[in-house]
Amino acid sequence: GCWNTGERLHVPSVRPYGSTAAASPSTSVEIAGRRPVTNALRSSDVSGQRAIATTRVSAPARHTGMFDLALGPPPRRTTDIDRPALEALRLANQDRKVVLISAAAGYGKSTALVHWCAADRDRPTIWAPLNPSDNASRALILRLMSGLHAVSALDDAAIAVIDRRTPVVDVPMLQTLARCMADRTPFLLALDDLHEVTAADSIAVIRHAIDALPAGSQIVMATRSDPDVRLARLRAAGDLVEVRADDLSMDRATIAGYL
């Protein structure tokens with residue numbers, strides 16, 4: 001039971017993170033009234049990681065773009081350097097709501113994001129590499145809802161709300177996002193390249209997702225600039241972990257171990 005209107009949706013199954021076992025085949029569900037959906041492999045440009053499975057979901061009729069969704073982070077490369085300090089930071093902050101990985105280009109933010117999520121073997125990761133098309137708030141919320149669906153199938157009530165063809169996100173859609181987040185087992189939501197999203201409506205969706213995040217779940221964001229998601233409030237409440245350029249830089253001991 002997933003979408004109930006006529007196109008074909010391919011949803012990857014959840015696999016344990018860090019596992020080398022092949023994922024089970026994707027499933028197909030008929031949905032009416034939209035363009036076809038395909039399941040594809042694409043090469044990730046995330047720090048040279050190898051190809052990752054994605055679910056390609058057609059956008060609603062009023063939006064011309066398509067977007068990719070991968071359930072689970074790209075696998076770590078065998079040549080990646082272990083970062084004990086970052087792993088210690090992760091272990092000490094698994095209960096924080098939000099992790100902000102923020103630095104200029106070239107600091108290895110996406111690699112750090114992959115390592116953070118791959119090391120968490122207890123929660124499924126919704127891997128969401130963002131791009132300028134996510135400045136359309138409806139496209140962004142469809143991406144998030146597709147990730148939640150991959151973790152656990154959406155119910156008919158949720159499908160009815162998001163299938164209404166409204167051009168922008170409205171209150172019922174935000175309420176449905178919050179409910180669907182609360183209905184799922186704890187998860188990680190990884191937002192890579194968050195600096196690509198600048199539109200106020202889309203930033204509002206991310207703020208709402210943070211506010212609605214259920215206990216035990218975590219949002220991990222990698223970005224070149226700090227997003228306008230009320231970081232000061234999160235910091236004051238003790239809900240924010242910040243990974244900055246100094247944290248991503250390698251010390252002499254790490255470099256010596258690599259050489």
Side-chain angles (χ1 to χ4, degrees), residues 17 73 83-104 107-110 112-130 134-135 137 140-141 143-145 147-148 151-152 169-249:
Y17 300 105
R83 304 295 298 278
L86 287 179
E87 175 59 8
L89 185 65
R90 185 192 72 81
L91 289 171
N93 292 282
Q94 295 184 82
D95 295 332
R96 302 287 183 99
K97 288 182 65 173
V98 177
V99 180
L100 175 67
I101 304 174
S102 182
Y107 272 88
K109 299 180 299 297
S110 294
L113 181 61
V114 168
H115 288 196
W116 190 286
C117 296
D120 193 316
R121 298 171 184 266
D122 297 324
R123 298 176 286 193
T125 296
I126 299 169
W127 183 263
L130 304 178
D134 293 299
N135 284 296
S137 59
L140 175 60
I141 204 166
R143 183 190 297 279
L144 300 181
M145 294 295 288
L148 294 171
V151 173
S152 178
V169 170
D170 56 11
V171 171
M173 292 183 76
L174 292 175
Q175 292 173 337
T176 299
L177 174 64
R179 179 178 65 79
C180 290
M181 292 175 70
D183 285 346
R184 267 132 196 91
T185 58
F187 58 87
L188 296 182
L189 173 58
L191 303 177
D192 196 17
D193 291 333
L194 182 55
H195 55 270
E196 297 282 7
V197 178
T198 58
D201 286 350
S202 291
I203 293 295
V205 170
I206 295 171
R207 286 179 182 168
H208 188 78
I210 291 172
D211 290 343
L213 192 70
S217 295
Q218 188 174 72
I219 294 178
V220 193
M221 308 179 293
T223 178
R224 295 180 185 176
S225 57
D226 288 2
D228 184 15
V229 293
R230 299 189 283 258
L231 292 176
R233 189 178 76 174
L234 291 168
R235 193 180 294 118
D239 289 332
L240 178 66
V241 183
E242 298 178 70
V243 181
R244 301 285 181 175
D246 288 346
D247 303 300
L248 296 171
S249 300

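Model, not experiment: these values are computed from the prediction.
- Rounding to the nearest 0.5 Å places OG of Ser110 at 11.0 Å from NE2 of His115.
- For residues 216-227, the salt bridge (charged side-chain N to carboxylate O under 4.0 Å, His left out) pairs, not counting sequence neighbours, are Asp226-Arg244.
- In terms of the side-chain contact (heavy atoms from CB on, under 4.5 Å) criterion, residue partners of Ala237 (sequence neighbours excluded) are, by chain and number, Asp239.
- When atom types are taken as modelled, the side chain of Lys97 and the backbone of Ala215 share no donor-acceptor pair closer than 3.5 angstrom.
- For the pair Asp134 (side chain) and Leu130 (backbone), a donor-acceptor distance under 3.5 Å is absent.
- Between Arg83 and Asp247 there is no salt bridge, since no side-chain nitrogen of the basic residue lies less than 4.0 Å from a carboxylate oxygen of the acidic one.
- Residues passing the salt bridge (charged side-chain N to carboxylate O under 4.0 Å, His left out) test with Asp228 are Arg207, sequence neighbours excluded.
- In this structure Thr198 satisfies the side-chain contact (heavy atoms from CB on, under 4.5 Å) test together with Asn135, sequence neighbours excluded.
- Taking the side-chain hydrogen bond (donor to acceptor under 3.5 Å, both in side chains) definition, one finds that Arg179 meets it with Asp155, Asp183, sequence neighbours left out.
- Of the possible polar contacts, one joining the Arg123 side chain to the Gly216 backbone as a donor-acceptor pair under 3.5 Å is found.
- With sequence neighbours excluded, the residues that form a side-chain hydrogen bond (donor to acceptor under 3.5 Å, both in side chains) with Glu87 are Arg90.
- Thr223 contributes a side-chain N or O that, together with a main-chain N or O of Ser225, makes up a donor-acceptor pair within less than 3.5 Å.
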